[in-house]
Structure formats: structure tokens, C-alpha cells
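Quick note: residue numbers are just sequence positions, from 1.
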Amino acid sequence: MQATEITKKLTMESDYLVYCMSTFYNYRLFDDFESDACVIIKDIDEFIIRIKKCLENRKTFSCWNLFHNIISYYDPCTSQLTKENITIPFMKEIKYKFEREYRFVLIPDKPQKSLEPVLLNIGSLKDICEIVFIE
């Protein structure tokens with residue numbers, strides 16, 4: 001008997017913007033993301049407040065929806081994913097579980113097929129963050 005490949009594709013109505021972080025410090029991530037430094041956020045609540053204020057001040061994003069949460073990881077071979085039990089912006093395959101990712105997701109108020117990257121200036125983070133360099 002020959003195996004049959006079944007493919008299921010879940011999509012969102014709109015493109016969205018995403019900012020990804022890790023919830024822990026791991027040297028492996030420096031290599032994986034070709035980086036020699038990271039920012040450790042010491043006050044996540046204040047960080048969230050500053051992002052929200054920045055978005056409110058930019059008219060383009062004032063009506064968009066901001067969500068933030070940890071990522072859930074699924075096994076594509078055993079998970080039964082449906083529109084009811086998956087939140088696309090907050091799901092990744094289990095092979096990425098070592099990243100222990102946290103995401104900020106900004107979804108447009110009106111669906112858009114394609115979005116360009118956006119830079120947000122939330123001001124100085126010296127009072128709530130620390131930068132760490134590796135050698």
C-alpha cells in the first residue's frame with residue numbers, strides 16, 4: 001500500500017507585521033540569527049506600553065490590532081490543526097521550540113495582501129533594557 005500525502009493550508013485574510021524575540025538567553029541563537037549582540041528587556045510591561053504609545057501616535061497604525069504572546073509549537077505529523085484551534089501568527093513547527101519565541105503582531109484594520117517592513121522609534125530603552133555583546 002502506498003502512502004498518500006495530505007496537504008492542508010491555513011491562511012489569514014491579511015498580511016501582518018511581526019516582531020520576534022526569545023524568552024530566554026541562549027548562545028545558540030546568536031549563531032542561528034547571525035548576531036553578536038542581544039537586548040535583554042528587564043521591564044516587559046513598560047516595553048509594551050512604549051510600543052502601544054508609538055503605534056497610537058502614528059495615524060497609520062492607530063486602528064490596527066496589536067497582539068503579543070508566546071509562540072505555541074506543533075508537530076506537523078501528529079497535530080490536527082484547524083481554523084478553530086490555531087492562531088497563525090502565534091504558531092510554529094516544533095523543530096523551532098528551542099527558540100522559545102515571544103511575538104508582537106500588528107494586524108491591519110482592513111485586510112491587506114502585502115505589507116512593507118516598518119521601523120518604529122519607541123525612544124531610548126536604557127532604563128528598561130540592557131544590551132549584551134558576545135565575543
Side-chain angles (χ1 to χ4, degrees):
M1 185 171 183
Q2 192 176 32
T4 304
E5 186 175 318
I6 298 173
T7 303
K8 184 183 278 190
K9 184 175 183 180
L10 296 176
T11 60
M12 286 190 54
E13 188 176 347
S14 178
D15 194 7
Y16 55 89
L17 300 174
V18 63
Y19 179 67
C20 307
M21 303 178 291
S22 180
T23 59
F24 82 121
Y25 183 84
N26 181 337
Y27 283 114
R28 175 182 174 175
L29 297 176
F30 289 98
D31 286 336
D32 288 350
F33 294 99
E34 300 175 5
S35 178
D36 63 356
C38 73
V39 174
I40 297 175
I41 301 170
K42 295 180 177 182
D43 187 343
I44 189 69
D45 293 331
E46 180 61 25
F47 185 75
I48 293 166
I49 288 168
R50 292 180 190 187
I51 290 176
K52 287 180 179 179
K53 280 183 185 176
C54 179
L55 293 171
E56 288 168 4
N57 291 335
R58 291 185 64 173
K59 293 187 189 298
T60 305
F61 303 115
S62 61
C63 293
W64 289 29
N65 296 301
L66 176 67
F67 303 95
H68 55 94
N69 209 337
I70 57 172
I71 294 296
S72 295
Y73 299 91
Y74 67 92
D75 183 337
C77 296
T78 60
S79 297
Q80 299 296 318
L81 300 177
T82 65
K83 284 193 261 186
E84 291 75 32
N85 70 0
I86 187 170
T87 307
I88 292 172
F90 295 100
M91 302 285 293
K92 284 179 89 167
E93 284 189 39
I94 200 162
K95 66 183 177 184
Y96 299 107
K97 191 170 184 174
F98 72 93
E99 294 176 350
R100 293 173 50 182
E101 190 176 331
Y102 191 94
R103 283 187 181 175
F104 286 85
V105 174
L106 192 57
I107 300 176
D109 54 339
K110 296 176 184 152
Q112 296 185 32
K113 292 291 179 196
S114 180
L115 295 170
E116 294 295 319
V118 173
L119 294 176
L120 296 179
N121 183 351
I122 64 173
S124 174
L125 299 175
K126 288 181 181 180
D127 58 329
I128 62 168
C129 295
E130 173 186 348
I131 191 163
V132 175
F133 294 94
I134 62 165
E135 296 179 8

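Distance alone, capped at 3.5 Å, places no donor-acceptor pair between the Ser72 side chain and the Met91 backbone. In this structure, Ser35 contributes its side chain and Ala37 its backbone to a donor-acceptor pair below 3.5 Å. Under the 3.5 Å distance criterion, the side-chain polar atoms of Arg50 are matched with a main-chain donor or acceptor of Ser124. No donor-acceptor distance shorter than 3.5 angstrom exists from the side chain of Asp43 to the backbone of Ile128, with no hydrogens or angles considered.
Counting non-hydrogen atoms of other residues, nucleotides and ligands closer than 6.0 Å to OH of Tyr27 gives a total of 12 or fewer. The 12-atom threshold is not exceeded at CD of Glu13, counting heavy atoms of other residues, nucleotides or ligands nearer than 6.0 Å. Within 6.0 Å of CD1 in Ile122 there are more than 12 heavy atoms belonging to other residues, nucleotides or ligands. For Tyr96, the OH atom sits in a loose shell: 12 or fewer heavy atoms of surrounding residues, nucleotides or ligands are nearer than 6.0 Å.
Among all heavy-atom pairs drawn from Tyr73 and Glu101, the shortest one is OH-N, 2.9 Å. Of all the heavy atoms in Val132 and Ile40, the pair that sits closest is CG2-CD1, 3.5 Å. Shortest non-hydrogen contact noted between Ile71 and Pro89 is CD1-O, 3.8 Å.
Between His68 atom NE2 and Leu106 atom CG the span is 12.0 Å, to the nearest 0.5 Å. For the atom pair SG (Cys129) and CD1 (Ile44), the distance works out to 8.0 Å, reported to the nearest 0.5 Å. Rounding to the nearest 0.5 Å places OH of Tyr74 at 10.5 Å from NZ of Lys92. Here the straight-line distance linking atom CG of Leu125 with atom CD of Glu46 works out to 9.5 Å at 0.5 Å rounding. Atom OG of Ser14 is separated from atom NZ of Lys110 by 12.0 Å, given to the nearest 0.5 angstrom. Considering OG1 of Thr78 and CD1 of Ile94, their distance stands at 7.5 Å, rounded to 0.5 Å.
Taking the six-membered ring wherever Trp is involved, the centroid distance between the rings of Tyr25 and Phe30 falls below 6.0 Å.
Side-chain contact between Ile107 and Met12 is present, with heavy atoms from C-beta onward closer than 4.5 Å. Under the 4.5 Å side-chain criterion, counting only non-hydrogen atoms from C-beta, Ser22 is not in contact with Glu99. Looking at Trp64 and Arg58, their side chains never come closer than 4.5 Å, going by heavy atoms from C-beta outward. Arg103 places none of its side-chain heavy atoms less than 4.5 Å from the side chain of Tyr19.
Salt-bridge check for Glu56 with Lys52: failed, with every basic side-chain N at 4.0 Å or more from each acidic carboxylate O.
Note: the hydrophobic cluster containing Ile49 does not contain Val105 (ILVMFWY, side chain heavy atoms under 4.5 Å, direct or indirect links). Connection of Leu66 to Val118 is established within a shared hydrophobic cluster, with ILVMFWY side chains joined at heavy-atom distances below 4.5 Å, either directly or through further cluster members. When hydrophobic clusters are built by joining Ile, Leu, Val, Met, Phe, Trp and Tyr residues whose side-chain heavy atoms come closer than 4.5 Å, directly or via intermediates, Ile70 is not grouped with Phe90. At a threshold of 4.5 Å between side-chain heavy atoms, the hydrophobic network of Ile, Leu, Val, Met, Phe, Trp and Tyr places Leu115 and Val18 in two separate groups.
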> Passes side-chain contact (heavy atoms from CB on, under 4.5 Å), Ile41 versus Met21? Steps please.
Replying inline: CA-CA 10 Å; Ile41 301 170; Met21 303 178 291; 3.6 Å; yes

> Yes or no on side-chain contact (heavy atoms from CB on, under 4.5 Å) for Thr87 and Phe67, after CA distance, side-chain angles and deciding distance?
Replying inline: CA-CA 11 Å; Thr87 307; Phe67 303 95; over 6 Å; no

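The aromatic rings of Phe47 and Phe104 sit perpendicular to each other, their planes meeting at more than 60°, with 30° as the lower class boundary.
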